[in-house]
Amino acid sequence: MTKTARYFTVLLTVVLVITVSIWGPEALAKYKDKGILNKPHIEVVMEAGEGYRYQMNANEKLYILARCIGSQVLSESEQNALTFYAGNAGLDYEDLEGSYAFVRKYNGPSGKEITDEQIYTTCNEGLRVLKELNILPQNVNDVNAASYNATLYSAIDVLEPRNNVVVWKMELSNSQKNADKENRLIDAYIDADDGKIYEFYARTSLFWGDIDTDAIIEAWADYMGLGTPSAYESDNPLLETTPYFKKYVFPGMGEGRTIVTVGYYEGINEIFLKIS
């Protein structure tokens with residue numbers, strides 16, 4: 001091969017390399033696109049699951065629920081009308097007023113929550129545990145679908161919606177107003193995930209002198225996994241509508257705290273444990 005031929009060969013090689021480096025990637029991308037675009041493709045992914053909620057500890061869940069229950073300033077029907085979109089299974093957080101909202105879940109439980117069919121059995125199991133722990137007296141009767149209404153609610157931190165707790169509210173039906181309420185659960189809030197009873201009101205045969213509030217709160221705190229409470233320091237006797245109560249404080253979320261009251265209504269012999 002002559003010197004001139006070798007020169008043209010080298011020159012042609014250089015030109016080909018430059019051409020491939022400039023147009024090659026674009027041509028390759030177009031080729032790949034032809035195999036992807038305008039064609040259906042199936043990709044297997046992990047199922048997210050309906051109703052995912054950020055995992056909070058027991059103190060945080062109690063705090064969120066207490067704040068949300070305390071945010072209720074309207075009747076239940078009025079609040080539902082304001083916070084629920086008819087026909088929409090989801091919630092529009094931007095339309096909820098205030099920082100905390102307690103909203104009925106019209107779409108029902110997700111696959112991971114206690115169902116409508118299970119809640120009565122779950123509640124009775126919770127009552128059995130509270131009786132074993134001497135939080136409730138042994139003569140408190142079981143609940144049933146004929147005498148009680150169970151409604152599912154979401155307690156939501158509106159500014160941080162992942163912080164939410166789903167609970168069942170179990171309450172004696174309005175049709176039972178004139179029925180004998182002795183030794184019956186009046187209402188309770190029950191965790192829709194694990195069935196723990198957050199709050200309750202129950203008619204009993206006990207008197208205030210029979211109730212050891214310190215023993216009750218210690219047993220309930222251990223049952224809920226909350227840690228040791230502190231005494232609530234206040235000399236105000238008007239904190240409740242009954243003179244028979246004692247309040248305790250649990251750490252909440254951030255700098256917040258939850259107040260738990262063990263109290264008693266004389267005359268109707270009703271013991272209660274409520275959160276606020």
Mind checking whether [X] and [Y] have side chains closer than 4.5 Å, heavy atoms only?
X	Y	answer
Arg257	Phe250	no
Trp168	Asp116	yes
Met56	Asn163	yes
Thr121	Gln118	no
Tyr244	Ile211	no
Trp220	Leu273	yes
Asp157	Leu159	yes
Leu136	Phe200	yes

**Report entry** Glu270 atom CD, over 12 foreign heavy atoms within 6.0 Å
**Finding:** yes
Query raised in the report: Does CD belonging to Glu266 count more than 12 external heavy atoms closer than 6.0 Å?
Result: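 Not more than 12 within 6.0 Å, no.
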Report task. Check the pair Lys247, Thr261 against side-chain hydrogen bond (donor to acceptor under 3.5 Å, both in side chains), reporting the backbone distance first and the verdict last. Result -> CA-CA 4 Å; Lys247 292 181 178 287; Thr261 306; 2.7 Å; yes
Quick test of your reading of the model: are [X] and [Y] salt-bridged, counting only N-O distances below 4.0 Å?
X	Y	value
Lys246	Asp214	yes
Glu182	Arg184	no
Asp187	Lys169	no

Might you point out which heavy atoms bring [X] and [Y] nearest each other, and give the distance in Å?
X	Y	answer
Leu65	Phe102	CD1-CE1, 3.9 Å
Val166	Ser154	CG2-OG, 3.8 Å
Met170	Ala150	CE-CB, 4.0 Å
Cys68	Ile156	SG-N, 3.2 Å
Thr204	Asn183	CA-OD1, 3.6 Å
Ala221	Gly227	CB-O, 3.4 Å

Report task. With side chain to side chain contact (heavy atoms under 4.5 Å, CB included) as the test, would you mind laying out the steps for Val129 and Lys196 before giving the verdict? Result -> CA-CA 10 Å; Val129 173; Lys196 295 288 183 68; over 6 Å; no
Query raised in the report: Applying the side-chain contact (heavy atoms from CB on, under 4.5 Å) test to Arg203, which of Leu185, Ile268, Asn269, Ile271 qualifies?
Result: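 That would be Ile268.
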Query raised in the report: Going by atom types only, do Tyr120 and Asn144 share a side-chain donor-acceptor pair under 3.5 Å?
Result: no
Query raised in the report: Tyr264 side chain to Leu206 main-chain N or O, any donor-acceptor pair under 3.5 Å?
Result: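 Yes.
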Query raised in the report: Does Asp222 use its side chain to pair, donor to acceptor, with the backbone of Ala219 at less than 3.5 Å?
Result: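 Side chain of Asp222 to backbone of Ala219: no pair is present.
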Requested in this report: Verify side-chain hydrogen bond (donor to acceptor under 3.5 Å, both in side chains) between Thr213 and Tyr248, making sure each step is shown before the conclusion.
Outcome: CA-CA 10 Å; Thr213 61; Tyr248 304 84; 2.9 Å; yes
**Report entry** Within 45° cone and under 6.0 Å: Lys274 NZ/CZ vs Tyr201 ring
**Finding:**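 Lys274 over Tyr201 ring: no.
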